[in-house]
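Written below as structure tokens is the structure these notes are about.
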Amino acid sequence: MAAGTLLTPFFALFTVAMIVPVGYALWLSLFTEKQSVLGFDGPRTVFDGLGNYATALGDQAFRDGFWVLLGYCALYLPLMIGGAIALALLLDTALARARRFFQLALFLPHAIPGLIAALIWIYLYTPQLSPVVAAMEAGGIGFDFFSAEGTLPSIVNIALWQWLGYNVVIFYAALQAVDRSLLEAATVDGAGNWRIAFSVKLPLIRSSLVMVLLFTVIGSLQLFTEPLILSRGSGSAVTSTWTPNMYAYSAAFERNDYGLAAAASVLIALVAAVLSFVVTRFTNRRKEARP
């Protein structure tokens with residue numbers, strides 16, 4: 001009885017914030033608006049079944065958005081996970097006096113909203129305004145951050161700047177929970193810092209690695225804020241349908257096709273669920289395969 005009372009607020013909030021919106025999106029995705037044959041009446045909402053799903057899947061722009069996400073993940077995931085692990089290991093072995101400062105310095109960008117972060121980096125990417133671009137040009141380095149080739153690295157850089165410190169904190173907290181007697185035993189056995197890091201520390205924080213990888217993959221599928229800001233007035237190669245989320249946003253608020261937007265959102269959620277399942281199963285199998 002007491003447990004049920006304590007859990008009631010959670011289930012109520014979960015229903016309102018999760019179940020109801022998802023159910024409404026599913027329901028909305030089954031309907032579309034059509035004009036009358038003669039065109040004298042206004043648009044009518046009619047049941048379309050899986051028509052919106054077929055339209056989204058048949059749209060080249062929607063499919064191309066997933067290819068963009070694939071390239072984004074291929075560049076972003078190794079840099080994010082590898083960089084966060086490396087920095088966390090460095091913090092774990094650094095002098096105690098410097099740890100607090102570097103933790104704060106790394107985490108501060110995460111406290112800045114994504115919209116503000118994107119605006120800051122647009123300024124830093126813009127020629128004639130950015131001291132970064134001026135310094136690169138002075139050094140003989142020419143790079144257009146808004147070009148078709150430079151847009152993806154530019155967005156990856158913004159995401160790294162904002163989320164790297166957050167993941168470093170997670171990994172560092174996990175490393176701090178490692179039993180120090182195990183590290184001392186490895187040191188006594190003659191293991192060096194590299195061997196301790198890869199053979200002792202990383203296997204012991206495997207659950208944190210899986211969690212960060214899973215959340216990073218899901219977050220990558222939701223890429224929206226950074227490319228949306230870059231697409232507005234910066235002259236970049238980002239279009240209004242550059243990512244699947246931007247496609248859904250464009251369908252809803254530029255074309256007023258809410259059924260198509262809902263169908264696209266449901267498809268994105270399905271892809272995220274499938275990838276989450278694949279990542280979880282893959283990591284579990286590797287764990288079971290270990291002797």
Side-chain angles (χ1 to χ4, degrees), residues 18 21-22 24-26 28-30 32 48-82 114-115 118 121 145-160 162-163 167 210-232 234 236-283:
M18 183 64 68
V22 170
Y24 180 68
L26 287 170
L28 192 63
S29 68
L30 302 177
T32 188
D48 196 31
L50 300 178
N52 287 318
Y53 293 94
T55 300
L57 292 173
D59 194 333
Q60 185 67 37
F62 183 68
R63 299 197 304 271
D64 287 345
F66 285 100
W67 286 109
V68 170
L69 288 183
L70 182 61
Y72 174 83
C73 290
L75 185 60
Y76 176 63
L77 290 178
L79 293 174
M80 171 59 74
I81 304 299
L115 176 64
W121 279 102
F145 292 98
F146 300 125
S147 65
E149 297 79 14
T151 297
L152 190 60
S154 300
I155 293 174
V156 168
N157 178 65
I158 297 174
L160 281 172
Q162 187 176 16
W163 287 96
N167 291 325
V210 174
M211 181 189 70
V212 169
L213 177 61
L214 186 61
F215 286 171
T216 305
V217 170
I218 295 174
S220 299
L221 288 175
Q222 299 173 2
L223 183 64
F224 176 75
T225 302
E226 294 85 356
L228 180 67
I229 298 301
L230 259 69
S231 69
R232 303 296 174 88
S234 64
S236 72
V238 177
T239 64
S240 61
T241 58
W242 199 65
T243 67
N245 265 348
M246 293 179 68
Y247 178 92
Y249 178 86
S250 175
F253 300 107
E254 294 178 4
R255 290 176 280 169
N256 296 321
D257 194 341
Y258 300 106
L260 178 61
S265 301
V266 172
L267 290 172
I268 296 169
L270 288 175
V271 172
V274 170
L275 287 178
S276 300
F277 176 78
V278 170
V279 170
T280 304
R281 286 296 300 271
F282 176 74
T283 53

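These numbers were taken from a predicted model, which means no experiment stands behind them.
Using a 4.5 Å heavy-atom threshold, the side chains of Met246 and Val238 count as touching. Side-chain atoms of Leu77 and Met80, non-hydrogen and from C-beta on, never get closer than 4.5 Å to each other. Contact check for Pro244 versus Leu69: side-chain heavy atoms found under the 4.5 Å cut-off. Residues Thr32 and Leu260 form no side-chain contact, since every pair of their non-hydrogen atoms from C-beta on lies 4.5 Å or further apart. Annotation: side chain of Leu30 is not in contact with side chain of Asp48 (no heavy-atom distance under 4.5 Å). Contact check for Val271 versus Leu267: no side-chain heavy atoms found under the 4.5 Å cut-off. Looking at Leu230 and Ile158, their side chains come closer than 4.5 Å, going by heavy atoms from C-beta outward.
The structure places CD of Glu226 at 6.0 Å from OH of Tyr72, a figure rounded to the nearest 0.5 Å. Here the straight-line distance linking atom OG1 of Thr241 with atom CZ of Arg63 works out to 12.0 Å at 0.5 Å rounding. Distance check, rounded to the nearest 0.5 Å: CG of Leu70 to CG of Leu75 gives 11.5 Å. Here the straight-line distance linking atom CG of Asp64 with atom CG of Asp59 works out to 8.5 Å at 0.5 Å rounding. In this structure, CZ in Phe277 is found 8.5 Å from OG1 in Thr280, a value given to the nearest 0.5 Å. Going from atom OG1 of Thr225 over to atom CD1 of Ile155 covers 11.0 Å, rounded to the nearest 0.5 Å.
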(request) List the steps and the verdict of side-chain contact (heavy atoms from CB on, under 4.5 Å) for Thr151 and Trp242. (result) CA-CA 11 Å; Thr151 297; Trp242 199 65; 4.0 Å; yes
(request) Please report the C-alpha distance between Leu275 and Ile218 in whole Å, then the side-chain angles of each, then the deciding distance to 0.1 Å, and finally whether the side-chain contact (heavy atoms from CB on, under 4.5 Å) criterion is met. (result) CA-CA 8 Å; Leu275 287 178; Ile218 295 174; over 6 Å; no
(message) Set out, in order, the CA-CA distance, both residues' side-chain angles and the distance that settles side-chain contact (heavy atoms from CB on, under 4.5 Å) for Asn245 and Leu223, then state yes or no.
(response) CA-CA 7 Å; Asn245 265 348; Leu223 183 64; over 6 Å; no
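Closest non-hydrogen pair, Ser29 versus Tyr53, comes out as OG-OH, 2.6 Å. Minimum heavy-atom separation, Ala272 to Ser276: O-OG, 2.7 Å. Closest heavy-atom contact between Pro78 and Cys73: CD-O, 3.6 Å. Closest non-hydrogen pair, Ala248 versus Ala261, comes out as O-CB, 3.3 Å.
With sequence neighbours excluded, no residue satisfies side-chain hydrogen bond (donor to acceptor under 3.5 Å, both in side chains) with Tyr76.
By the 6.0 Å and 45° rule, Arg255 stacks over the aromatic ring of Tyr247.
A distance-only check finds a donor-acceptor pair linking the side chain of Ser154 to the backbone of Phe145 [under 3.5 Å].
Within 6.0 Å of CZ on Phe66 lie more than 12 heavy atoms contributed by other residues, nucleotides or ligands.
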